Structure formats: structure tokens, C-alpha cells
Amino acid sequence: MRRLGSELGVEAMTLYHYVSGKDALLDGLVEQVVAAVAPPRLDASWQTGLRDFAHALLDALSAHPHVLPLVVSRPALTAQNVRLRESTLRSLREAGFPAHRALDVLYSITSFVVGHAATTAAHDASGTDASPDLDAAQSLELAEAIRTGPGVGAGRRFDFALEAMLSGFEAARISKQ
């Protein structure tokens with residue numbers, strides 16, 4: 001808090017007028033990133049709503065890669081984040097998911113997006129390529145997949161996995177399990 005106060009040109013104790021401590025400050029950072037994401041609109045199509053939500057969350061996290069470690073390590077159960085979660089769960093229930101499956105869907109989507117954002121940020125920060133030059137003799141299957149695939153890229157893989165998840169969620173929704 002002293003260092004932050006120094007950066008802001010105020011005494012550390014002044015910060016406690018705005019936040020109760022370091023944990024509240026860190027939770028506030030996570031909350032601000034998450035606040036940029038609107039609750040999914042599931043009125044027309046829950047799949048479209050979740051797809052849009054996943055992309056919006058990925059965009060928000062990608063815009064703030066230095067906050068990602070906090071998102072991964074802190075639940076940040078702030079009032080605003082709780083409202084977002086409750087709104088999303090209610091929408092999923094209205095779309096036909098049982099309560100326990102709605103929670104599974106929400107956690108699956110957010111965990112997937114956060115994991116993808118963290119992995120992408122780690123590759124970006126290290127300067128390593130997710131698809132390095134390969135010795136085709138040692139990596140026959142990977143070389144073939146890259147050569148014959150529709151294109152390599154984190155975005156394409158994200159969309160592929162998201163569509164697979166949405167298909168699986170639909171199967172669970174229909175079976176009401």
C-alpha cells in the first residue's frame with residue numbers, strides 16, 4: 001500500500017479511506033475487469049448469449065494481462081461479481097438448465113476462458129510461438145495437423161473448443177441431467 005500511495009502521490013493511510021486493505025484493492029481490480037463484461041443475454045438463444053459472453057470475457061481479460069494472475073488466484077466475491085453470477089445463473093435456468101447444471105455451465109465457460117486467456121498471455125509474454133518450427137520427422141502427427149488444418153491460431157482453437165462445449169451443454173440441457 002505504501003508503494004501504491006507513493007505512485008499516486010498520497011500517503012498509504014489515505015488509501016484506506018477508499019479501500020479497507022490490500023485484499024479489497026486486489027478484489028477491486030478483478031471486479032473492474034469483470035465489470036467490463038455484461039451478463040450474457042440468453043433471451044433469443046442461450047448458445048449465442050454464452051458465445052458472446054465468452055468472447056467478451058476473453059477480450060476483457062486479454063486487455064488486462066497483468067490482472068490475469070489475480071483472476072486465477074482470487075475468487076473476488078464482490079457485490080458486483082455476485083450480481084453478474086446470479087444474473088447468469090437465472091438466465092441459464094430460464095433457458096431450461098437445472099440449477100446444478102446452470103452452475104456447471106457457468107463454471108465451465110469461465111474456467112475455459114480464464115485458462116485460455118492465461119495460456120495466451122503466457123505465450124505472448126515469453127515470446128514463444130504456440131506452433132514452433134517443427135522437425136517433421138519427429139512430429140509427424142502435429143506437422144500433418146498444421147499442414148492440413150484450416151489454420152493455426154489461438155482464436156480458432158478457442159472457437160472450436162467453445163462450440164464443442166456449447167454442443168455438450170445442449171445435450172445436458174435436453175436430458176435435464
Side-chain angles (χ1 to χ4, degrees), residues 1-122 124-125 154-155 158-159 161-163 165-166 168-170 172-173 176-177:
M1 295 297 273
R2 282 189 294 273
R3 193 169 82 193
L4 177 60
S6 175
E7 288 286 325
L8 296 172
V10 298
E11 292 294 323
M13 293 308 292
T14 303
L15 298 174
Y16 291 104
H17 177 70
Y18 300 98
V19 293
S20 61
K22 181 180 177 182
D23 286 340
L25 178 67
L26 297 176
D27 287 345
L29 286 171
V30 172
E31 179 182 69
Q32 289 305 302
V33 171
V34 174
V37 181
R41 295 187 48 117
L42 307 181
D43 44 359
S45 160
W46 67 265
Q47 292 99 330
T48 299
L50 281 180
R51 188 180 297 110
D52 292 346
F53 173 75
H55 280 280
L57 181 57
L58 180 61
D59 290 345
L61 294 171
S62 297
H64 303 283
H66 297 296
V67 177
L68 270 168
L70 296 175
V71 173
V72 170
S73 64
R74 307 183 70 75
L77 298 175
T78 64
Q80 188 168 353
N81 288 354
V82 169
R83 282 191 300 273
L84 174 64
R85 182 183 61 218
E86 286 297 306
S87 172
T88 304
L89 290 172
R90 188 172 29 262
S91 294
L92 287 166
R93 296 286 312 276
E94 290 168 0
F97 286 94
H100 71 285
R101 279 295 168 238
L103 185 60
D104 290 343
V105 167
L106 179 58
Y107 280 154
S108 296
I109 288 287
T110 55
S111 297
F112 166 66
V113 173
V114 169
H116 181 83
T119 302
T120 302
D124 291 348
F158 178 85
D159 289 338
L162 180 59
E163 292 306 316
M165 290 175 75
L166 293 174
F169 297 155
E170 175 63 2
R173 186 184 71 83
K176 300 278 187 190
Q177 292 182 5

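For clarity, every value in this text was computed on a predicted model and none was experimentally measured.
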Show your working on side-chain contact (heavy atoms from CB on, under 4.5 Å) between Phe53 and Thr110 and close with a plain yes or no. CA-CA 9 Å; Phe53 173 75; Thr110 55; 4.0 Å; yes
Working for side-chain contact (heavy atoms from CB on, under 4.5 Å), residues Ile109 and Met165: CA-CA 8 Å; Ile109 288 287; Met165 290 175 75; 4.3 Å; yes
Can you tell me how the ring of Trp46 sits relative to the ring of Phe169, calling it parallel under 30°, perpendicular over 60° and tilted otherwise? tilted
Intermediate values then yes/no, side-chain contact (heavy atoms from CB on, under 4.5 Å), Thr88 and Arg85: CA-CA 5 Å; Thr88 304; Arg85 182 183 61 218; 5.8 Å; no
Any side-chain heavy-atom pair from Gln80 and Val34 closer than 4.5 angstrom? no
Answer whether the closest heavy-atom distance between the side chains of Leu68 and His64 falls below 4.5 Å. no
Under a 4.0 Å N-O cut-off, is there an ion pair linking Arg41 with Asp52? no
Would you sort out whether His116 and Leu61 count as a side-chain contact (heavy atoms from CB on, under 4.5 Å), showing the intermediate values? CA-CA 10 Å; His116 181 83; Leu61 294 171; over 6 Å; no
To the nearest 0.5 Å, how far apart are OG1 in Thr78 and CG in Leu29? 11.5 Å
Mind checking the CG-CZ spacing from Leu57 to Phe112? Nearest 0.5 Å is all I need. 11.0 Å
Find the distance between CZ (Arg101) and OG (Ser108) and round it off to the nearest 0.5 Å. 9.0 Å
Tell me if a side-chain donor or acceptor on Arg173 pairs with a main-chain N or O of Ala95 at a distance below 3.5 Å. yes
Taking all non-hydrogen atoms of both residues, which atom of Ala56 and which atom of Val37 are closest, and how far apart? O-CG2, 3.7 Å
Search all heavy atoms of Ala102 against all heavy atoms of Leu92 and return the closest pair with its distance. O-CD1, 3.5 Å
When rounded to the nearest 0.5 angstrom, what is the spacing between CD in Glu163 and CZ in Phe158? 10.0 Å
For the atom pair NZ (Lys22) and CG (Leu25), what is the distance rounded to the nearest 0.5 Å? 9.0 Å
Measure the spacing between CG of Leu70 and CD of Glu31 and express it to the nearest 0.5 Å. 13.0 Å
Verify whether one side chain among Ser45 and Gln47 offers a donor that lies under 3.5 Å from an acceptor in the other. yes
